[in-house]
Undergrad: 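Quick one: this structure, given as structure tokens, is what I'll be asking you about.
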Amino acid sequence: MSSFFSRKKWNRVFLYLLFICSTFSIAGTDASITMLFLITFLHWLWDRRLSQLKNPLLWAILFFMASAVFSGLVNAYETEHLMALRTNWRLLLPILLAVILNDVAEDQLLWVFFVFVMLIAIYGIIQYFTGVDWLRPDDQNFTTPYFSGTSLENSVFHGKGNFTHHLTYGGFLLLCFPLLASLIFCNDWNAFSRLSALAIAILVLLAIGSSLGRSIWLGTAMTGTILFFRLFPKATMAIMVIALAGGTYLYTQFSKPSFEIQTPTNRIEVIQKRFISGLNLKSNQDRLLMWETGIAAIKDHFWLGIGYNNDSVVMPAYRKIAIKRTGHRFQNNAGTGVHNIYLQTWLNYGLIGFLGYLSIILIFLAQSIRTLFRTTRFSFENSIVWGSIAGVCGFMVAGFFENNFRDGEVQAMLLILMGLSLSQRQKLNDRIF
């Protein structure tokens with residue numbers, strides 16, 4: 001009977017459920033996180049010991065959560081300020097995972113997770129060609145065509161797995177890819193495991209392409225650059241200089257008013273068109289104007305922000321000014337935000353909330369980089385930490401063009417990745433003491 005109530009046993013159960021459900025079900029993910037929080041809370045009541053209490057990341061997270069609520073309490077707009085916690089309640093998960101991941105064999109847990117990641121990657125690739133949405137009933141179908149050609153061979157759809165939006169799908173895979181790619185070089189794994197990680201990483205990369213999310217592509221490029229730097233530091237610096245020069249040249253060419261993106265005739269040209277459109281100002285006017293309205297609103301709500309979920313109330317007035325000046329018609333309503341997580345966070349929670357959000361990311365990166373120097377090159381711990389650093393940096397780059405931190409599925413995967421890195425740090429500390 002005592003084994004039935006074992007904390008470690010139930011932690012293992014819900015850790016596996018968390019990693020599995022994260023690939024296809026936000027409800028299952030949230031239920032798993034809730035149970036892990038509850039088990040840990042009950043255990044804390046029993047022995048009154050919190051090993052992470054001195055971790056500065058914990059206090060940065062609590063500061064950000066408090067600032068989100070504080071903004072709603074004191075700003076000039078009526079808002080359900082406590083509901084701000086609804087988008088932030090998961091943020092303590094990395095602190096939790098830092099301790100309880102020791103209750104499972106991480107290798108086995110990750111391989112179960114990678115199998116499910118492989119399945120949703122294949123699913124997204126199939127969706128790109130066919131638009132199928134097998135996991136939902138017909139009346140709840142989320143098939144999203146990107147380009148409908150003159151023939152079946154030319155029709156293209158956004159890959160989105162079982163998620164409701166292609167950027168959510170892409171953002172989730174963006175965080176999975178560097179973890180897989182980093183473990184390809186793990187000396188603690190045998191050749192078969194490393195080749196399997198390589199095969200799944202390639203599938204994930206193709207699935208990221210199928211999402212047709214340009215911000216996701218850019219974030220993935222950042223993760224690849226960091227992981228390449230791990231292998232060839234000097235060569236990476238030279239390649240970055242060449243890439244910046246080439247990118248500047250392409251931007252000057254494709255930003256010309258005379259440049260027109262031709263209608264694609266096949267699926268390869270659809271990818272080309274989507275990539276080139278990211279370098280064309282006219283194709284990105286909608287997003288640029290959203291940023292402009294966001295900056296204007298921040299100037300008027302610099303310290304406290306507008307509060308949680310008030311975009312649909314406050315932002316239409318700023319959009320009217322932009323519409324009157326440019327004649328542009330926005331593709332999304334004002335409630336969708338400004339498609340930049342940094343501007344969005346500042347807009348909603350003010351300068352204090354923005355600094356709180358940045359402190360979470362920067363403290364995590366600082367801790368992870370310090371952990372790197374304590375690991376053996378290409379060991380399991382070293383590979384996990386490198387993958388986590390690359391994933392978070394890619395996530396930050398993608399965040400310049402989307403509100404990815406607000407997506408529950410992407411946020412959960414980000415927190416899992418951070419938790420994996422903190423777990424390696426905790427293991428190293430336990431070995432010392």
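Just so it is clear, the structure is predicted and the values come from calculations on it, not from any experiment. Just so it is clear, the values below take in all heavy atoms, side chains as well, and ignore hydrogens, waters and symmetry mates.
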Undergrad: Is there a donor-acceptor pair under 3.5 Å between the side chain of Asn340 and the backbone N or O of Phe400?
TA: yes
Undergrad: Ion pair present between Asp103 and Arg7, side-chain N to carboxylate O less than 4.0 angstrom?
TA: yes
Undergrad: Is there a donor-acceptor contact under 3.5 Å from the side chain of Tyr123 to the main chain of Trp134?
TA: yes
Undergrad: Can you tell me how far the CD1 atom of Ile61 sits from the CD1 atom of Ile95, to the nearest 0.5 Å?
TA: 4.5 Å
Undergrad: Could you tell me the separation between the CH2 atom of Trp59 and the NZ atom of Lys54, rounded to the nearest 0.5 Å?
TA: 12.0 Å
Undergrad: Walk me through it: do Leu92 and Leu415 pass the test side chain to side chain contact (heavy atoms under 4.5 Å, CB included)?
TA: CA-CA 8 Å; Leu92 292 171; Leu415 300 176; over 6 Å; no
Undergrad: Write down the atom of Phe228, the atom of Ala235, and the distance for their closest heavy-atom approach.
TA: CE2-CB, 4.3 Å
Undergrad: So how far is it from His339 NE2 to Leu289 CG, rounded to the nearest 0.5 Å?
TA: 13.0 Å
Undergrad: Walk me through it: do Phe19 and Trp111 pass the test ring pair (Phe, Tyr, Trp, His ring centres under 6.0 Å)?
TA: CA-CA 10 Å; Phe19 276 71; Trp111 274 114; over 10 Å; no
Undergrad: More than 12 heavy atoms of other residues, nucleotides or ligands under 6.0 Å from CZ of Arg370: is that the case?
TA: no
Undergrad: Would you give the length of the straight line joining atom CD of Gln127 to atom OG1 of Thr144, rounded to the nearest 0.5 angstrom?
TA: 9.0 Å
Undergrad: Between the side chain of His158 and the main-chain N/O of Lys160, is any donor-acceptor distance below 3.5 Å?
TA: no
Undergrad: Kindly indicate whether the side chain of Phe395, heavy atoms from C-beta on, has any atom under 4.5 Å from the side chain of Leu417.
TA: no
Undergrad: Can you tell me how far apart CZ (Phe177) and CD1 (Ile200) are? Round to the nearest 0.5 Å.
TA: 12.5 Å
Undergrad: Has the side chain of Trp217 got a donor or acceptor atom that lies under 3.5 Å from a matching backbone atom of Ile208?
TA: yes
Undergrad: Please assess Asp311 against Asn348 for the test side chain to side chain donor-acceptor pair (under 3.5 Å), listing each intermediate value before the final yes or no.
TA: CA-CA 8 Å; Asp311 298 67; Asn348 287 129; 3.2 Å; yes
Undergrad: Could you tell me whether the side chain of Tyr357 reaches within less than 4.5 Å of the side chain of Tyr342, counting heavy atoms only?
TA: yes
Undergrad: Return yes if some donor-acceptor pair links the side-chain N/O of Gln426 with the main-chain N/O of Val99 below 3.5 Å, else return no.
TA: no
Undergrad: Taking all atoms of both residues into account, what is the closest heavy-atom pair of Ser32 and Leu17, and its distance?
TA: OG-CB, 3.4 Å
Undergrad: With sequence neighbours left out, what residues match Arg425 under salt bridge (Lys or Arg N to Asp or Glu O under 4.0 Å)?
TA: none
Undergrad: Check whether any side-chain heavy atom of Thr345 lies under 4.5 Å from a side-chain heavy atom of Phe405, and answer yes or no.
TA: no
Undergrad: List the steps, then state whether side chain to side chain contact (heavy atoms under 4.5 Å, CB included) holds for Phe229 with Trp386.
TA: CA-CA 10 Å; Phe229 177 81; Trp386 267 111; 4.1 Å; yes
Undergrad: For Arg194, give me all partners under side-chain hydrogen bond (donor to acceptor under 3.5 Å, both in side chains), at least two apart in sequence or on another chain.
TA: none
Undergrad: Should Phe232 and Ile239 count as side-chain neighbours, where that means a heavy-atom distance under 4.5 Å?
TA: no
Undergrad: Okay, side chain of Tyr169, backbone of Ser210: is any donor-acceptor separation there less than 3.5 Å?
TA: no
Undergrad: So Phe401 and Trp291, do their side chains get closer than 4.5 Å, heavy atoms only?
TA: yes
Undergrad: Can a donor-acceptor pair be found, under 3.5 Å and without considering hydrogens, that links the side chain of Thr293 to the backbone of Met290?
TA: yes
Undergrad: Side chains of Gln411 and Arg90: donor-acceptor distance under 3.5 Å anywhere?
TA: yes
Undergrad: Ignoring hydrogens, what is the shortest heavy-atom contact between Gly28 and Cys21? Give both atom names and the distance.
TA: C-CB, 3.7 Å
Undergrad: Would Val338 and Ile295 count as a side chain to side chain contact (heavy atoms under 4.5 Å, CB included) if you check the C-alpha gap in whole Å, the side-chain angles of each, and the deciding distance to 0.1 Å?
TA: CA-CA 9 Å; Val338 297; Ile295 292 170; over 6 Å; no
Undergrad: Is it the case that the side chain of Asn11 and the backbone of Thr40 share a donor-acceptor pair, with hydrogens and angles ignored and the cut-off at 3.5 Å?
TA: no
Undergrad: Would you please test Ser368 and Ser388 for side chain to side chain donor-acceptor pair (under 3.5 Å) and show each step?
TA: CA-CA 8 Å; Ser368 296; Ser388 301; over 6 Å; no
Undergrad: Within the distance-only criterion (no hydrogens, no angle test), does the side chain of Thr29 pair as donor or acceptor with the backbone N or O of Ser22 below 3.5 angstrom?
TA: yes
Undergrad: Can you find a heavy atom in the side chain of Phe380 that is under 4.5 Å from one in the side chain of Glu106?
TA: yes
Undergrad: Keeping the roles fixed (side chain from Asp133, backbone from Asn141), state whether a donor-acceptor pair exists under 3.5 Å.
TA: no
Undergrad: Could you tell me which non-hydrogen atom of Ile216 sits nearest to which non-hydrogen atom of Gly170, and how far apart they are?
TA: CG2-O, 3.3 Å
Undergrad: Please report the shortest heavy-atom distance between Gly294 and Leu347, naming the atom on each side.
TA: O-CD1, 4.4 Å
Undergrad: Any side chain to side chain donor-acceptor pair (under 3.5 Å) involving residues 177-190? Give me the pairs, sequence neighbours left out, ordered by first then second residue.
TA: Asp107-Trp189, Ser182-Arg230, Asn190-Ser193
Undergrad: Less than 4.5 Å apart, side chain to side chain, heavy atoms only: is that true for Trp89 and Asp30?
TA: yes
Undergrad: Looking only at heavy atoms, what is the nearest atom pair of Thr220 and Leu174, with distance?
TA: N-CD1, 3.4 Å
Undergrad: Do Ile360 and Phe63 have side-chain heavy atoms sitting under 4.5 Å apart?
TA: no
Undergrad: Walk me through it: do Val13 and Trp10 pass the test side chain to side chain contact (heavy atoms under 4.5 Å, CB included)?
TA: CA-CA 5 Å; Val13 169; Trp10 287 108; 4.2 Å; yes
Undergrad: When rounded to the nearest 0.5 angstrom, what distance separates CG in Leu58 from CG in Leu91?
TA: 11.5 Å
